Amino acid sequence: MPDPSVTVNGQVAPLSGVPAHTTALDWLRGRGLVGAKEGCAEGECGACSVLVARPGTTTPTRWTALNACLVPVLALDGQEVVTAEGLGTPADLHPVQREMAVRGGSQCGYCTPGFVCSMAAEFYRPGRGDAAPVDVVGTTEHPHEQGPNGFDLHALSGNLCRCTGYRPIRDAAYALDAPAHGDLLAARQAAPAPAPRATRTDAFVRPADLAAALQLLGERPDAVVVAGSTDWGVEVNLRGVRAPLVVAVDRLAELRGVSVTDEVVEIGAAVTLSEIAARLDGAVPLLDLLLPQFASVLIRNGATLGGNLGTGSPIGDTAPGLLALGASLVLVSSDGEREVALADYFTGYRRSVRTAGELIRAVRIPQPQPGLVGFTKIAKRRFDDISSVAVAFGLDVVDGVVAAARIGLGGVAATPIRALATEQALVGRPWPDVAAAADVLGGEGTPLDDHRASAAYRAAMLRQSLLKFAAENEVPA
Amino acid sequence: MSALSQRPAGAVVGTAVPHEAAALHVTGLALYTDDLVGRTKDVLHAWPVQVMHAHARVTALRTDPALAVPGVVRVLTGADVPGVNDAGVKHDEPLFPDEVMFYGHAVCWVLGETLEAARLGAEAVEVEVEPLPALVTVREAIEAEAFQGGQPRLERGDVEQALTASAHVFSGEIEFAGQEHFYLETHCALALVDENGQVFVQSSTQHPSETQEIVAHVLGLTSSEVTVQCLRMGGGFGGKEMQPHGLAAIAALGARLTGRPVRLRLNRSQDITMTGKRHGFHARWQVGFDDEGRLTALDATLTSDGGWSLDLSEPVLARALCHIDNAYWIPAVRVNGRIARTNKTSQTAFRGFGGPQGMLVIEDILGRCAPTLGIDPHELRRRNFYAVGQETPYGQPVRQADRLLRTWDQVLDTGDFAARTAEVAAFNAGSLHVKRALAITPVKFGISFNFTAFNQGGALVHVYKDGSVLITHGGTEMGQGLHTKMLQVAATALGVPLSRVRLAPTRTDKVPNTSATAASSGADLNGGAVKNACEQILARLSQVAAEQLHVPAADVRFSGGVVRGLAPGGPTVPWEDVVRLAYFSRVQLWAAGYYRTEGLHWDSAAMRGEPFKYFAHGVAAAEVEVDGFTGAYRVRRVDIVHDVGDSLSPLVDIGQVEGGFVQGVGWLTLEDLRWEDREGPNRGRISTQSASTYKLPSFSEMPEDFRVSLLESAHEEGAVFGSKAVGEPPLMLAFSVREALRQAAAAFGPAGTAVDLASPATPEAVFWAVEAARSGEGAHLRDGGEQPPQPTGPPIRPTSERVLSES
């Protein structure tokens with residue numbers, strides 16, 4: 001096994017002796033690459049954004065923007081990273097850098113290198129300029145979020161700027177041409193992505209395959225399993241948590257499959273949310289509504305279903321959607337596999353039926369899916385916020401009557417829950433006559449009073465979400 | 001046209017140039033204070049020991065366990081302070097406190113070989129405390145009569161009589177939230193000690209001279225023994241005006257005691273829990289209108305939430321009182337102000353510095369009363385504008401009242417206000433669940449420090465033998481483009497191309513006794529000083545060139561890097577040749593420039609005078625759409641015309657207008673600063689202390705259609721090259737969004753519905769306003785109503801008096 005190393009801006013740098021909790025951001029800054037900044041240390045501001053060469057969906061490699069503050073640098077063993085410093089120099093600016101500079105896209109400049117990296121990732125998105133504009137939110141009412149050059153503004157949803165008010169940054173993004181012929185980073189996307197490399201240090205291990213991972217987890221119940229590290233990175237940075245052993249599973253081939261059959265859609269637990277959206281290609285309409293509202297592109301580029309369900313958070317946004325789809329989880333250990341309905345998976349606040357030696361291998365969504373789906377996320381901010389309430393609907397309406405209903409709720413209990421009483425109140429009722437069921441929904445769960453929302457507002461939003469869903473889908477497709 | 005404001009032909013000011021450091025920003029090469037750590041050898045890292053009680057007495061502090069942690073070098077406590085144990089200048093802010101005054105107050109600091117060692121060391125320090133009763137909300141403080149500082153009163157005319165004579169009298173109450181600065185770069189200092197024991201502190205500070213003063217008094221040194229440098233800041237917004245000093249002093253103390261460089265950088269949650277914010281306010285008021293909706297009288301009492309110490313609360317309050325009129329003529333006025341003392345962070349300067357809080361009160365009054373008066377809100381506002389010749393309540397003539405009207409009319413015109421108002425009405429008539437509204441609001445904002453002595457600036461301009469120019473000035477760069485403007489001012493004043501001029505970082509050993517880069521005054525003060533220095537040099541060079549050109553010195557002109565006489569087609573000499581010749585003629589090629597703003601006076605006890613050189617104006621019209629199911633909303637379109645005088649740097653100025661506006665929208669709609677006020681162990685804790693819980697505007701809050709222009713033909717006599725200040729005023733244009741949200745919520749009710757709107761107007765707040773409108777609840781206005789409380793505390797003591805009595 002070679003010593004861990006990472007290629008940064010074209011140069012190989014050793015990672016030997018680096019502690020497991022060292023983030024890519026701190027490591028880069030320690031090497032003098034101080035362009036990436038720490039603004040929040042929890043993946044909310046994007047000032048630390050860098051480009052990483054990852055497997056692509058339509059090209060072998062895709063330059064993918066990630067929050068360097070969340071990723072342990074050892075997780076980048078064998079990979080290729082480009083920072084703002086690597087994109088261009090003051091004498092020879094990268095097109096993204098030039099547009100940002102001349103249009104007033106930087107004021108204090110602190111968030112700028114991060115914006116430049118996120119913007120460069122979208123600049124290099126294969127086919128960006130080809131297709132007719134498609135708004136990834138799945139709505140047509142926000143055409144301003146798509147540039148005439150195909151630039152999807154959501155690519156910048158995880159980057160915060162406190163100075164500019166964003167307009168010049170948007171103008172810079174929308175002014176970008178296609179990458180020039182001979183652009184080395186564009187050409188790099190045509191070659192294979194760096195292969196996963198098994199990594200082993202005292203406290204950080206990337207097993208070579210699933211069997212090795214399961215064996216290790218069986219031996220080390222104290223190990224922390226990470227994929228994109230979008231949750232674990234926050235624990236490390238903000239709460240000072242240190243793990244005796246970190247096991248990275250995000251590159252395990254056995255966890256990265258996506259398949260669609262007439263019976264089931266199966267999504268590997270370590271497929272990133274960005275990859276899911278691209279690889280499913282519309283096969284799960286509810287996820288197309290949900291995923292664009294999940295955090296930001298920077299987070300979705302790292303976050304996985306396995307992680308979102310594995311942490312067991314009651315406000316993770318994927319669980320309500322998957323509950324509405326009747327999904328189940330495939331849990332695997334060295335003793336074999338078992339399938340657990342998601343509705344039976346959560347047992348308490350951040351607790352589940354998963355044992356220490358088990359991994360989530362995949363999520364299964366039964367076919368056919370509900371004919372009428374919806375997802376309402378209540379938050380203060382439209383992009384990149386945490387839900388105060390999330391409601392997902394999966395209904396079948398036959399001859400104007402609700403034949404079946406599943407409703408998943410987040411943020412109203414210690415775990416994500418099904419709104420069973422509401423489902424019962426809906427089934428057999430004419431659609432869209434939901435007033436009574438909406439009242440029932442308003443009483444589901446035990447919403448909290450906290451800084452995100454009052455309990456009264458949460459309860460009101462449960463009720464309103466059904467009224468809104470019905471009003472917007474009076475005639476089901 | 002004054003000599004100060006006169007702009008030569010071919011001026012470099014007025015051209016749209018990118019930020020001077022843009023190429024460094026975009027390539028990640030621009031350095032901020034914390035980026036210097038890797039370039040500095042043997043740095044120690046500092047970590048605070050925060051005590052998690054809102055109010056408590058420290059009964060025991062045991063630092064030995066920290067010293068047992070590997071890598072911990074030293075723990076700094078109050079016993080280590082050789083000078084004055086105070087982070088401020090008012091002796092009410094102990095740097096190492098014996099009494100914990102707010103949740104998260106740091107009582108000592110641990111220095112470690114690594115940040116990890118310092119953090120673990122801080123965890124090991126043992127602190128015992130005796131909890132004390134705490135006041136967390138401004139209402140609790142009012143109830144307990146816990147106030148600090150002066151209680152100014154601003155008064156004109158007989159308010160009681162005017163109210164009695166008014167056709168309509170209403171009274172009401174509002175409490176509104178403060179705001180976290182959330183500069184992307186948190187507070188940071190890096191201190192070094194040289195072979196003579198002199199201290200060099202690199203600090204992310206808007207006020208290097210005050211950082212220097214406080215480092216000196218903490219260390220028991222003279223100011224001449226301390227140098228402070230600020231390369232640039234990753235945002236300031238007022239949060240780095242007073243707050244960096246104590247942190248720089250900790251780093252400097254550590255460096256003095258260990259002999260090693262010390263770096264102190266707060267992480268985000270430390271920054272939010274330890275440093276001051278925009279003041280939230282409580283206000284009670286009684287207002288009178290005549291039959292035509294003209295304001296007749298206003299009686300208001302504003303109570304700001306000052307936090308645990310005074311900091312800048314007094315001048316912030318004074319500015320709030322001076323801006324309660326915004327753009328409106330109010331014949332009889334009585335405004336009382338007081339500062340609550342609460343167990344919170346010590347609230348401080350934030351873009352607008354009390355002005356936004358004062359204006360919110362009057363804009364809220366107009367927005368709430370308009371439906372009850374039966375007058376369209378935009379008409380009510382317009383009807384109350386100042387006319388030329390009228391004076392503010394504190395006695396300053398409103399000289400450019402016509403300019404505000406011109407700005408207003410331009411927005412009505414270019415924003416197609418009348419037609420779009422009709423479109424909105426038609427849309428609402430056909431839409432049950434979604435409503436829109438269009439609102440327009442004005443801004444009139446006074447420019448200059450209320451504290452007259454701060455209205456001075458300094459600069460140093462060097463011309464080298466090769467003709468290249470290096471400027472330094474007393475202002476700091478926090479993204480507002482001050483350095484860009486100063487380069488343009490120097491190039492214009494010297495008549496050389498912009499590329500000829502470079503700028504060196506702000507340091508207290510280059511330009512001393514500087515004022516804070518604050519109050520939007522950076523370009524006025526430092527631009528005046530840079531221009532003055534350049535003119536001194538040109539006066540000398542003119543003599544040299546006159547001999548070469550055989551023209552009188554008074555006829556020599558410098559432009560575009562060429563020196564010539566007045567006659568067209570006459571001989572010319574390149575700038576570089578004149579400079580070289582001057583050197584060999586033993587002519588001094590550098591100068592210290594100085595500027596003081598003329599014509600200001602202010603009596604802070606009487607709250608009267610002319611504290612402002614001029615007013616900046618702006619008008620914004622905002623259209624919003626509200627979802628009646630959830631209260632969620634979008635800003636569909638914003639039209640702004642803003643008065644920056646004759647712009648020094650249009651790209652920079654437009655950036656300030658847009659950025660200030662969006663930051664104001666954040667304060668008024670999204671940014672929800674919450675303190676836990678329920679009883680229990682978390683009482684006093686900020687529950688929104690991270691980026692995941694405290695939400696800044698992101699791309700989703702940017703107006704979908706955002707049209708900003710600068711008022712044309714807006715020459716300002718009283719400022720450098722005819723320009724006006726721009727940093728703060730645009731923030732208050734955001735009232736247009738708040739008022740549009742109010743109107744959209746009201747549109748869910750019957751015609752003429754008045755609604756209250758909480759601030760910030762989060763989707764939840766808007767939802768409750770929509771529910772109130774639907775239920776016909778109406779705004780909480782008391783007809784006739786009651787007089788607000790009339791405090792009787794002492795006036796604000798003039799700073800000069802305090803300083804002189806102490807020295």
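Just so you know, these numbers come straight off a predicted model, no measurement behind them. Protein chains get the first letters and strands the later ones, always in sequence-line order, with residue 1 at the start of each.
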Pick one of side chain, backbone, both or neither for [X], based on which atoms fall under 4.5 Å of a heavy atom in chain B.
X	result
A:Cys45	side chain
A:Asp26	neither
A:His94	neither
A:Glu38	both
A:Ile378	side chain
A:Ala36	neither
A:Ala41	neither
A:Leu160	both
A:Ser454	both
A:Asp449	both

Exercise: identify the closest heavy-atom pair between [X] and [Y]:
X	Y	answer
B:Gly628	A:Gln464	O-NE2, 3.7 Å
B:Leu184	A:Ala47	CD1-CB, 4.4 Å
B:Thr630	A:Lys468	CG2-CD, 4.2 Å
B:Leu29	A:Pro90	CD1-CD, 3.5 Å

In terms of side-chain geometry, is the basic nitrogen of B:Glu764 or A:Arg452 positioned less than 4.0 Å from the acidic oxygen of its partner?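 No.
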
Can you tell whether the side chains of A:Lys37 and B:Asp34 come within less than 4.0 Å, N to carboxylate O? no

Spell out, as yes or no, whether a donor-acceptor pair under 3.5 Å connects the side chain of [X] to the backbone of [Y].
X	Y	value
B:Glu658	A:Arg167	no
A:Glu42	B:Ala691	yes
A:Tyr110	B:Met233	no

Pairs of heavy atoms under 4.5 Å with chain B: top-ranked of [options]:
options	answer
A:Glu85, A:His21, A:Arg242	A:Arg242
A:Leu467, A:Leu93, A:Thr376, A:Leu238	A:Leu467
A:Arg98, A:Arg463, A:Met100, A:Met461	A:Met461
A:Gly105, A:Gly158, A:Gly240, A:Pro19	A:Gly240
A:Cys163, A:Gly32, A:Gly35, A:Gly109	A:Gly109

Should we count CZ of B:Arg774 as having more than 12 external heavy atoms under 6.0 Å? yes

Do the rings of A:Tyr457 and B:Trp768 sit parallel, tilted or perpendicular, given the 30° and 60° boundaries?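 Plane angle over 60°, so perpendicular.
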
Is the centre of the B:Phe699 ring less than 6.0 Å from the centre of the A:Phe383 ring? no

If we check salt bridge (Lys or Arg N to Asp or Glu O under 4.0 Å) with B:Glu671, which of these qualifies: A:Arg162, A:Lys380, A:Arg381?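 Going through the options one by one, the only one that passes is A:Arg162.
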
Heavy-atom proximity to chain A below 4.5 Å, by part of B:Leu670: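 Both backbone and side chain.
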
So, A:Ser106 versus B:His25: side-chain donor-acceptor pair below 3.5 Å or not?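 On atom types as modelled, these side chains qualify, holding a pair under 3.5 Å.
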
Is it true that B:Ser692 and A:Glu44 share a donor-acceptor pair across their side chains at a distance under 3.5 Å? no

